[in-house]
*Asks:* 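Submitted below is the structure of interest, expressed as structure tokens.
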Amino acid sequence: MKTIRIILIIILLAGVIYWLWTGSERFLPYVMLAASASAFLTTYEELSKSWKSVDGYLALVTSLIFGAYGISLLIR
């Protein structure tokens, strides 16, 4: 799980650095989907500790928002 999170962080950083360097939003959908997957992993970790965790539900909402935005950018 930790290895997957590190890979997702590397993808996020590469996409953000590319965006800052070139100003192109070509990889933005993939960055948003990687952020969504990372937030979903956080959701899994937080909710496995306690179902009453507010952090888990906030991470779930973040995952859904980033995922929906990333998918809408891919479709566009």
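Because the structure is predicted, anything quoted here is derived from the model rather than measured.
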*Asks:* Residues in side-chain contact (heavy atoms from CB on, under 4.5 Å) with L28, at least two apart?
*Replies:*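 Partners of L28 by the side-chain contact (heavy atoms from CB on, under 4.5 Å) criterion, ordered by chain and then number, come out as E25, M32, L73.
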*Asks:* Can you list, by chain and residue number, the hydrophobic cluster partners of Y30 when the side-chain cut-off is 4.5 Å?
*Replies:*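 Other cluster members: Y18, F27, L33, I71, L74, I75.
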*Asks:* Would you tabulate the side-chain donor-acceptor contacts of residues 60-68 under 3.5 Å, counting partners in other chains and residues two or more places apart, or write 'none'?
*Replies:*
from	atom 1	to	atom 2	distance (Å)
T62	OG1	L58	O	2.8
S63	OG	S36	O	3.1
S63	OG	S36	OG	3.4

*Asks:* May I ask you to list the residues sharing a hydrophobic cluster with I17, side-chain cutoff 4.5 Å, ordered by chain and number?
*Replies:*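 None, because no other hydrophobic side chain comes under 4.5 Å of this residue.
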*Asks:* Using side-chain heavy atoms (C-beta onward) and a distance below 4.5 Å, is D55 in contact with T43?
*Replies:*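 Side-chain contact under 4.5 Å: no.
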*Asks:* With K49, which residues qualify under salt bridge (charged side-chain N to carboxylate O under 4.0 Å, His left out), at least two apart?
*Replies:*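 Listed in chain order: E46.
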*Asks:* Show every side-chain hydrogen bond (donor to acceptor under 3.5 Å, both in side chains) that has at least one partner inside residues 65-76, sequence neighbours left out.
*Replies:*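 Listed once each, the pairs would be none.
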*Asks:* Residues in side-chain contact (heavy atoms from CB on, under 4.5 Å) with I7, at least two apart?
*Replies:*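 In terms of side-chain contact (heavy atoms from CB on, under 4.5 Å), with neighbours along the sequence ignored, I7 is linked to T3, I11.
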*Asks:* Can you name the side-chain hydrogen bond (donor to acceptor under 3.5 Å, both in side chains) partners of S38, sequence neighbours left out?
*Replies:*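 Not a single residue meets the side-chain hydrogen bond (donor to acceptor under 3.5 Å, both in side chains) criterion with S38.
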*Asks:* Mind checking who shares a hydrophobic cluster with W51, ILVMFWY linked at side-chain heavy-atom distances under 4.5 Å?
*Replies:*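 Result for W51 is L47, Y57.
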